[in-house]
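The sequence lines fix the lettering, A, B, ..., with proteins before strands; numbering per chain opens at 1. If you're wondering where the values come from, they're calculated on a predicted model, not measured in any experiment.
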Protein chains: 2
Amino acid sequence: MMTSVDTDLIRVLGDPLRLQVVTLLAREALCTSHLVEETGAKQTNLSNHLRVLREAGVVETEPCGRFTYYRLRPDVFEQLAGRFAALAQTARLTAEANFKRSCP
Amino acid sequence: MMTSVDTDLIRVLGDPLRLQVVTLLAREALCTSHLVEETGAKQTNLSNHLRVLREAGVVETEPCGRFTYYRLRPDVFEQLAGRFAALAQTARLTAEANFKRSCP
DNA sequence: GGCTGATATCAGCTCTGGATGATGTGAGAG
DNA sequence: CTCTCACATCATCCAGAGCTGATATCAGCC
């Protein structure tokens with residue numbers, strides 16, 4: 001079954017600061033100092049969250065001298081959007097047809 | 001700005017058991033005992049998670065005698081899918097055009 | 001080489017959030 | 001009315017996740 005929309009990925013995106021970072025990175029590649037400036041979060045904290053995003057495959061890094069550019073991986077979000085769209089579609093169908101399992 | 005894809009909603013969906021429930025409910029409306037049976041989780045635990053889903057507006061309930069039917073609200077997922085699709089699109093554009101803010 | 005600035009890692013604290021057992025509520029069967 | 005069953009709520013426990021300060025790494029500049 002196509003059930004499991006990888007929980008870990010959603011979990012990673014369920015944090016306010018991380019989602020803010022993701023939203024910022026969607027528009028342009030940024031390095032850590034930019035993100036510190038934009039979010040107001042401390043460097044250490046941000047670096048920890050970026051590590052989480054990196055390990056989840058949400059972002060990729062490109063070293064540039066002393067700086068490190070972070071950019072979003074669009075395919076991750078395309079897949080995620082697709083999963084949710086599919087879920088929405090089956091839910092819509094279920095709602096319209098009023099599918100329900102009878103009480104035992 | 002259309003930035004903030006409501007973190008709370010994503011957070012709610014970022015739990016394995018809750019996502020499993022959502023996936024089950026996408027196909028057919030079920031009552032708690034069904035979900036207990038399907039997931040193998042304890043009734044109390046499941047009831048707690050259902051409360052979270054209810055308060056997040058993800059599911060709606062319909063009492064039916066002693067039973068309570070849970071059904072998914074498709075619009076929630078349609079919106080969510082739309083948000084992620086938009087995010088994916090801007091990220092795709094950014095990646096192809098290689099938008100990056102210059103290092104200070 | 002030594003220094004500075006950018007970023008990552010580590011260790012520790014705190015507190016949220018999930019799991020569980022006991023209990024409350026409310027509807028139907030007898 | 002009473003008993004049972006479906007479900008919700010409450011109180012508690014504990015692991016995990018986020019925040020922070022200190023430290024390590026690593027690249028460029030002098």
Can you see if the side chain of [X] gets near the phosphate of [N] - specifically, an N or O under 4.0 Å from OP1 or OP2?
| X | N | result |
| --- | --- | --- |
| Ser33(A) | dT7(C) | yes |
| Arg54(B) | dA8(D) | yes |
| Arg11(A) | dA17(D) | yes |
| Lys42(A) | dG21(D) | yes |
| His49(B) | dG17(C) | no |

Would you mind reading off the distance between [X] atom [atom1] and [N] atom [atom2], rounded to a whole angstrom?
| X | N | atom1 | atom2 | result |
| --- | --- | --- | --- | --- |
| Leu13(A) | dA17(D) | CG | C1' | 16 Å |
| Tyr70(B) | dA6(D) | OH | P | 15 Å |
| Arg51(A) | dA17(D) | CZ | C1' | 13 Å |
| Phe67(A) | dG5(C) | CZ | C1' | 8 Å |
| Glu55(A) | dT9(C) | CD | P | 8 Å |
| Leu17(A) | dT20(D) | CG | C1' | 14 Å |
| Leu30(B) | dC7(D) | CG | C1' | 15 Å |
| Leu35(A) | dA6(C) | CG | P | 14 Å |

Would you say the side chain of Gln43(A) and the base of dA6(C) hold a donor-acceptor pair, judged only by whether the two atoms sit under 3.5 Å apart?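 Counting by modelled atom types and ignoring angles, no donor-acceptor contact under 3.5 Å is found here.
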Quick one: does Thr44(B) reach the base of dA19(C) with a side-chain donor-acceptor pair under 3.5 Å?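 For Thr44(B), whose side chain was compared with the base of dA19(C), there is no donor-acceptor pair (under 3.5 Å).
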Side chain Thr94(A), main chain Arg27(B), donor-acceptor under 3.5 Å: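 Yes, because the side chain of Thr94(A) sits within donor-acceptor range (under 3.5 Å) of the backbone of Arg27(B).
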Of the nucleotides [options], which one has an atom closest to the side chain of [X]?
| X | options | value |
| --- | --- | --- |
| Asp15(B) | dC19(D), dT7(C), dG18(C) | dG18(C) |
| Arg18(A) | dG18(D), dA8(D), dT4(C) | dG18(D) |
| Cys31(B) | dA8(D), dC7(D), dC10(C) | dC7(D) |

Reading DNA chain D from 5' onward, which residue's closest nucleotide shows up sooner: Gly65(A) or Ala41(A)?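 Checking each residue's closest nucleotide, the 5'-ward one belongs to Ala41(A).
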Starting from the 5' end of DNA chain D, give me the residue, Arg66(B) or Asn45(A), whose nearest nucleotide shows up first.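 On the 5' side of the pair lies Arg66(B).
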Which part of the nucleic acid does [X] contact within heavy-atom distance under 4.0 Å: base, sugar-phosphate only, or nothing?
| X | value |
| --- | --- |
| Asn48(A) | base |
| Tyr69(B) | nothing |
| Ser47(B) | base |

With a 6.0 Å cut-off (strictly less than), is the heavy-atom count around CD of Gln89(A), excluding the residue itself, greater than 12?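 Check fails, neighbour count at 12 or below.
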About how many Å separate OH of Tyr69(B) and OG1 of Thr61(B), when rounded to the nearest 0.5 Å?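 Rounded to the nearest 0.5 Å, the OG1-OH separation comes out at 13.0 Å.
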Indicate yes or no: does Glu62(A) engage Arg71(A) in a salt bridge with an N to O separation below 4.0 Å.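 Salt bridge flag = yes for Arg71(A) with Glu62(A).
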Looking at Arg101(B) and Glu28(A), does any basic side-chain N land under 4.0 Å from a carboxylate oxygen?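 Salt bridge flag = yes for Glu28(A) with Arg101(B).
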Do the ring planes of Phe84(B) and Phe84(A) sit parallel (below 30°), tilted (30 to 60°) or perpendicular (above 60°)?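 Parallel, since the angle between the ring planes stays under 30°.
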